[in-house]
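Remarks on the structure that follows.
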Amino acid sequence: MSDAPAAPHRDFIRELIDADVAAQRNEGWVITRFPPEPNGYLHIGHAKSICLNFGLALEHAPKSRCHLRFDDTNPTKEEVEYVESIQTDVQWLGFSWGKHLHYASDYFETLYGYAQQLISKGLAYVDEQSPEEMRANRGSLTAPGIPSPCRERSAAENQALFAEMRAGKFKEGACVLRAKIDMASPNMNLRDPVLYRILHAHHHRTGDAWCIYPMYDFAHPLSDALEQITHSLCTLEFEHHRPLYEWLIEHVDGLPGHPYQREFARLNLTYTVLSKRKLLELVKDGLVTGWDDPRMPTISGIRRRGYTPAAVRQFCETVGLTKFPSLTELALLEHCVREDLNRVANRVYVVLRPIKVVLTNYPEGQVEFIELTNNPENLEAGKRSVPLSRELYIEADDFREEAAADFFRLVPGGEVRLKYAFCIICQEVVKDAAGQVVELHCTYDEATRHGAKPVGRPKVKGTIHWVSAAQAADVEVRLYDKLFTEPQPEEAAGEGGDFRQFVNPASMEVLTAKAEPSVQHALPGALYQFERVGYFCADTKESKPGAPILNRTVALKDSFAKGK
RNA sequence: UGCCUCAUGGUGUAACGGUAGCACAGCAGAUUCUGAAUCUGCUUGUCUAGGUUCAAAUCCUAGUGAGGCAACCA
């Protein structure tokens with residue numbers, strides 16, 4: 001990362017880590033990790049965790065680092081496609097794991113040894129109860145569990161059985177390895193949690209080498225310890241797994257590191273869902289075009305939509321870090337992109353819904369070029385020339401036959417300024433047989449060129465964008481809007497309801513727009529502000545040379561529309 | 001009828017026993033060759049009840065509310 005890490009607010013996690021560093025815990029090292037399961041694409045909620053973990057490493061350099069570790073302990077759900085997309089997304093956000101790309105599956109042999117060690121110590125046993133029996137005997141939230149009949153087996157017998165599990169002597173579900181902790185614990189996670197289960201499944205990295213796989217609760221803390229992670233940060237739903245995490249770190253001998261776990265609240269955003277399972281449903285049902293559909297809250301989706309890494313990082317910093325299960329407004333995310341895009345996006349004239357304007361007093365066949373500033377927020381972005389001629393397109397929205405006084409664009413007999421060109425007066429409204437407006441005949445005033453405001457003329461308040469008709473490029477524009485019509489689709493659906501019923505039918509509208517010539521050669525990924533309209537990004541997947549597709553990232557704020 | 005965690009404007013957060021501040025959203029105005037951006041101002045808040053203290057958002061007790069927990073998922 002080239003950007004110098006800013007100094008984020010001292011949230012409760014950072015305060016804790018600062019105290020550890022001050023106390024020279026782990027000689028002052030801060031080693032974190034981002035541990036995704038490769039069973040889906042990353043979303044904006046994961047970005048919060050990525051920014052935290054990798055951000056912490058940047059803040060505490062040089063005695064720090066952040067690992068990317070795939071928690072690939074369940075071969076039935078994981079795929080290399082996801083492994084690859086996750087790496088792309090983390091890098092896109094601007095972070096680097098350096099040499100520290102790891103997989104829990106790298107530790108399978110070591111983990112197996114740790115399991116044997118627990119068996120030797122009488123702290124783990126092979127249980128042959130069926131999954132149903134185990135569930136029934138675990139008790140309930142209010143009643144203690146009942147010990148398994150296998151609980152008091154000898155270490156030697158457990159050792160032999162565990163070896164047979166590994167050797168493939170059993171069918172799936174026949175038995176499991178369990179920690180021997182406390183069947184009466186008020187914390188369900190401590191009622192002899194399962195450590196290993198049998199899965200005759202092909203693993204995307206270890207192939208068929210294993211038929212027993214460690215559970216998250218076993219693999220995760222020990223993987224952290226193996227990598228000498230100092231601070232294992234996760235979301236609130238793992239809070240009551242912490243005692244088990246600590247139990248393992250305490251009871252397994254010979255660990256190279258002694259990490260501890262702390263939890264923070266996951267991100268929730270209005271007008272979307274942030275659950276891999278639900279996002280997968282949208283993909284499978286064809287309600288979106290894929291994980292990277294620009295309407296998806298996935299990192300690949302928002303990237304395609306035109307969001308910048310800086311905007312996403314800024315957003316993650318702004319939402320903060322607490323233990324309160326909050327619901328952040330989509331408007332905050334949109335604010336963060338607008339803020340960044342306003343700085344970096346070049347301006348361009350594009351008319352989304354064109355209506356033709358004929359300048360009756362402009363010479364036929366003449367074409368002149370107007371010089372425009374690419375980005376008034378960054379003059380180094382330079383200038384460009386756009387053609388202007390007798391026939392133009394303006395936005396249909398910028399003309400009204402009848403309008404109230406607060407509409408200061410074009411009306412019959414009224415005057416409006418064509419940005420950076422001159423003012424025009426609407427002399428005639430031409431309609432077809434059906435009464436639809438087909439074109440406007442206007443006259444322009446040479447005296448108003450270059451923003452000139454001759455004294456004694458009525459003030460022209462409105463300024464609109466335009467595109468010269470003959471040179472205009474037809475480009476496909478996709479107007480994206482919020483994915484759901486409800487701020488909380490899951491809540492609105494209620495218990496047993498289906499959140500998919502609230503997918504916004506107007507979440508995508510496809511149009512053929514009239515653009516100034518330069519837009520035709522937009523490179524995939526190019527970011528623009530269509531003046532007076534919104535921020536757009538040339539689609540990286542479906543654009544063709546000379547035929548870009550422009551995705552609307554977010555509309556410009558519109559205080560006129562809002563008042564309506 | 002269990003256990004764990006949490007509670008500050010509409011939303012997200014800060015204040016670490018001493019003036020409740022910031023951002024988003026909203027509203028009003030200035031400015032503007034983008035009804036954008038920028039600038040100014042405004043509205044709105046410490047869950048409730050007790051207690052400790054000169055002083056409580058902050059400490060204590062109880063209540064209320066919210067989230068999480070009974071996969072051989074992570």
Side-chain angles (χ1 to χ4, degrees), chain A residues 9-11 15 35-37 39 71-74 76-78 127 129-131 134-136 138-145 172-178 185-189 191 193-199 212-213 215-217 219-220 234-243 263 265-267 270 276-277 315 318-336 338-339 342-343 347 349 376-377 406-409 417-423 448 450-453 460-465 529-535 555-563:
Chain A
H9 164 72
R10 297 281 100 186
D11 50 73
E15 283 183 352
E37 182 188 16
N39 67 342
D71 240 321
D72 54 351
T73 56
N74 186 355
T76 65
K77 290 186 175 175
E78 298 150 7
D127 193 351
Q129 293 182 105
S130 68
M134 265 189 62
R135 197 171 312 128
R138 189 156 24 232
S140 72
L141 294 176
T142 51
E172 282 184 22
C175 51
V176 293
L177 183 73
R178 288 229 252 174
S185 172
N187 182 342
M188 302 296 290
N189 294 116
R191 319 251 260 227
V194 173
L195 268 24
Y196 270 88
R197 80 289 215 185
I198 296 167
L199 247 29
I212 57 172
Y213 291 91
M215 300 291 289
Y216 165 86
D217 280 322
H220 196 83
C234 60
T235 46
L236 250 25
E237 61 266 34
F238 294 102
E239 210 160 19
H240 33 272
H241 291 240
R242 190 153 111 196
E263 312 82 15
R266 64 185 305 141
L267 175 73
T270 56
K276 282 190 200 167
R277 205 196 85 238
F315 171 73
T318 305
V319 294
L321 206 65
T322 63
K323 301 189 78 164
F324 182 74
S326 58
L327 177 65
T328 299
E329 291 177 343
L330 217 212
L332 183 63
L333 214 210
E334 295 186 334
H335 163 76
C336 292
R338 287 196 188 99
E339 191 176 48
N342 179 49
R343 283 190 351 243
R347 269 106 261 219
Y349 288 2
E377 304 285 331
D406 67 344
F407 180 80
F408 41 81
R409 278 108 96 159
R417 183 178 298 278
L418 296 183
K419 196 171 180 194
Y420 280 102
F422 34 60
C423 294
T448 58
H450 305 305
K453 292 166 187 159
V460 175
K461 188 146 194 216
T463 299
I464 64 174
H465 59 110
Q529 184 199 100
F530 291 3
E531 288 223 29
R532 302 207 314 127
V533 175
Y535 293 99
L556 243 36
K557 285 218 259 178
D558 187 349
S559 57
F560 176 68
K562 196 156 53 189

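Reminder, nothing fancy here: chain letters follow the sequence lines and each chain counts from 1.
- Spacing of C1' atoms, B:rC47 relative to B:rU64, comes out at 7 Å, to the nearest Å.
- Across the P atoms, B:rG26 and B:rC3 are found 45 Å apart, a figure rounded to whole Å.
- The closest side-chain heavy-atom distance from A:Thr318 to A:His335 is not below 4.5 Å.
- In this view, A:Thr235 and A:Glu237, A:Phe238, A:Phe264, A:Arg266 satisfy the side-chain contact (heavy atoms from CB on, under 4.5 Å) rule, not counting sequence neighbours.
- Judged by distance alone, the side chain of A:Asn187 and the main-chain N or O of A:His240 form a donor-acceptor pair under 3.5 Å.
- Between chain A and RNA chain B, the heavy-atom contact criterion of under 4.0 Å yields a 5' to 3' nucleotide range of B:rG2 to B:rA74.
- Here A:His450 lies in heavy-atom contact (under 4.0 Å) with a base.
- Pairing analysis of RNA chain B (Watson-Crick: purine N1 to pyrimidine N3 plus N6-O4 or O6-N4; G-U wobble: N1-O2 and O6-N3; both under 3.5 Å) yields stems of 3 or more pairs at B:2-7 with B:64-69, B:10-13 with B:21-24, B:26-30 with B:38-42, B:47-51 with B:59-63.
- Atom C1' of B:rU32 sits at a distance of 46 Å from the matching atom of B:rA66, rounded to the whole Å.
- B:rA71 has its base syn relative to the sugar, with a glycosidic angle deviating from 0 by at most 90°.
- Nucleic acid contact class of A:Arg347 (heavy atoms, under 4.0 Å, all strands): base.
- Counting non-hydrogen atoms under 4.0 angstrom, A:Arg409 reaches a base of the nucleic acid.
- Residue A:Thr270 is classed as having no contact, given no heavy-atom separation below 4.0 Å to the nucleic acid.
- With P as the reference atom, B:rU19 and B:rA57 are 10 Å apart, rounded to whole Å.
- Residue A:Tyr196 is out of contact with every strand shown, counting any heavy-atom pair closer than 4.0 Å.
- Base contact: A:Leu141 has a heavy atom under 4.0 Å from a base atom.
- Within the 4.5 Å cutoff, no side-chain heavy atoms of A:Ile212 are placed close to those of A:Leu199.
- Among the protein residues, A:Phe422 comes within range of no part of the nucleic acid, since none of its heavy atoms lies under 4.0 Å from any strand.
- Among the atoms of the strands shown, base atoms are found under 4.0 Å from some heavy atom of A:Gly173.
- Nucleotides B:rG51 and B:rA56 place their C1' atoms 11 Å apart, quoted to the nearest Å.
- Residue contacts shown for A:Thr76 are absent, as no nucleic acid heavy atom lies under 4.0 Å away.
- A:Asn187 comes within 4.0 angstrom of no nucleic acid atom, judged by non-hydrogen atoms across all strands.
- In this structure, A:Arg417 and A:Lys453 have side chains that are in contact, with non-hydrogen atoms separated by less than 4.5 Å.
- Residue contacts for A:His465: at a heavy-atom cut-off of 4.0 Å it reaches no nucleic acid atom on any strand shown.
- Contact annotation for A:Lys453: backbone-only contact, meaning every heavy-atom pair under 4.0 Å involves sugar-phosphate atoms and none involves a base.
- Judged as a side-chain contact (heavy atoms from CB on, under 4.5 Å), and not counting sequence neighbours, the contacts of A:Met215 are A:Val194, A:Arg197.
- With both ends at atom P, the span from B:rU38 to B:rA74 equals 46 Å, rounded to whole Å.
- Every residue two or more places apart in sequence or in another chain that forms a side chain to side chain donor-acceptor pair (under 3.5 Å) with A:Glu531 is listed here: A:Lys419.
- Taking for each of A:Glu78 and A:Phe408 the nucleotide of RNA chain B with the nearest heavy atom, the 5'-most of the two is the partner of A:Phe408.
- Taking the P atoms as reference points, B:rC6 lies 28 Å from B:rA23, given to the whole Å.
- With RNA chain B read from its 5' end, the first of the two nearest nucleotides for A:Gly462 and A:Lys77 is the one closest to A:Gly462.
- Within the 4.5 Å cutoff, the side chain of A:Tyr535 has heavy atoms near those of the A:Leu556 side chain.
- Looking only at distances, no side-chain donor or acceptor of A:Arg138 sits under 3.5 Å from a matching main-chain atom of A:Pro193.
- If you take atom P in B:rU11 and the same atom in B:rU5, they sit 25 Å apart, rounded to whole Å.
- Note on ring orientation: taking the six-membered ring where Trp is involved, the planes of A:Phe560 and A:Phe408 are tilted (angle from 30° to 60°).
- Residue A:Val176 is in base contact, counting any heavy-atom pair closer than 4.0 Å across all strands shown.
- Contact annotation for A:Glu339: no contact, since no heavy-atom pair falls under 4.0 Å across all strands.
- In this structure A:Lys77 satisfies the side-chain contact (heavy atoms from CB on, under 4.5 Å) test together with A:Glu37, A:Asn39, A:Asn74, sequence neighbours excluded.
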